Amino acid sequence: MLSPLHRPLKAEELREHVYSVNGTPTDCVALAVHKILPRKPDLVASGINKGANLGDDVTYSGTVSAAMEGTILGVPSFAISTGWRPSLYLRLRSPFCHRSGTVHIEKTAPL
């Protein structure tokens, strides 16, 4: 597991099952899988991110990197981003994310 270069990686439990991590989205996934969760999660759903994450942008995206980290750690993962009308993106994308996660879990073979 990688850690930030200039400070220790820390997780603070804000309330039961809710944490704040002082690292990148990738750090959050790695820390959750290796240290915080009692077992490997069924799914990593990263996002909803404001910004399209298209083309070369995908290599710089924390949202996409978090999903990639989950996949590397053996957890089915997906990232979702949006690039239009920020005032609507959560309201319109949330049901889609929920359905995508449900389908992903139903259709993914056990690792």
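What you see is a predicted model; the values in this text were computed from it and never measured.
With hydrogens and angles ignored, the 3.5 Å screen pairs a side-chain donor or acceptor of K40 with a backbone N or O of L73.
Annotation: side chain to side chain contact (heavy atoms under 4.5 Å, CB included) contacts of S61 (sequence neighbours excluded): N53, T63, V64.
Residues in residues 7-27 take part in no ring-ring contact (aromatic ring centres under 6.0 Å, His included) pair, two or more places apart or across chains. Among pairs with a residue in residues 36-64, none fulfils ring-ring contact (aromatic ring centres under 6.0 Å, His included), at least two apart in sequence or across chains. Among residues at least two apart or in separate chains, ring-ring contact (aromatic ring centres under 6.0 Å, His included) pairs with a member in residues 62-83 are F78-H104. Among residues at least two apart or in separate chains, there is no salt bridge (Lys or Arg N to Asp or Glu O under 4.0 Å) pair with a member in residues 10-21.
Heavy atoms only, all atoms of each residue included: V44 and A66 are closest at CG1-O, 4.1 Å. Of all non-hydrogen atoms in T26 and S65, the two that sit nearest each other are OG1-CB, 3.3 Å. Scanning all heavy atoms of the two residues, the minimum distance from S77 to T71 falls at OG-N, 3.3 Å. Nearest heavy atom pair, residue P25 against residue G62, reads CB-O, 3.3 Å. Considering all non-hydrogen atoms of both residues, S46 and A67 come closest at CB-N, 4.1 Å.
For the atom pair SG of C28 and CG of L9, the computed distance is 7.5 Å after rounding to the nearest 0.5 Å. Note: L31 CG to I36 CD1 = 4.0 Å, rounded to the nearest 0.5 Å.
Grouping Ile, Leu, Val, Met, Phe, Trp and Tyr by side-chain contacts under 4.5 Å, direct or through others, leaves I72 on its own.
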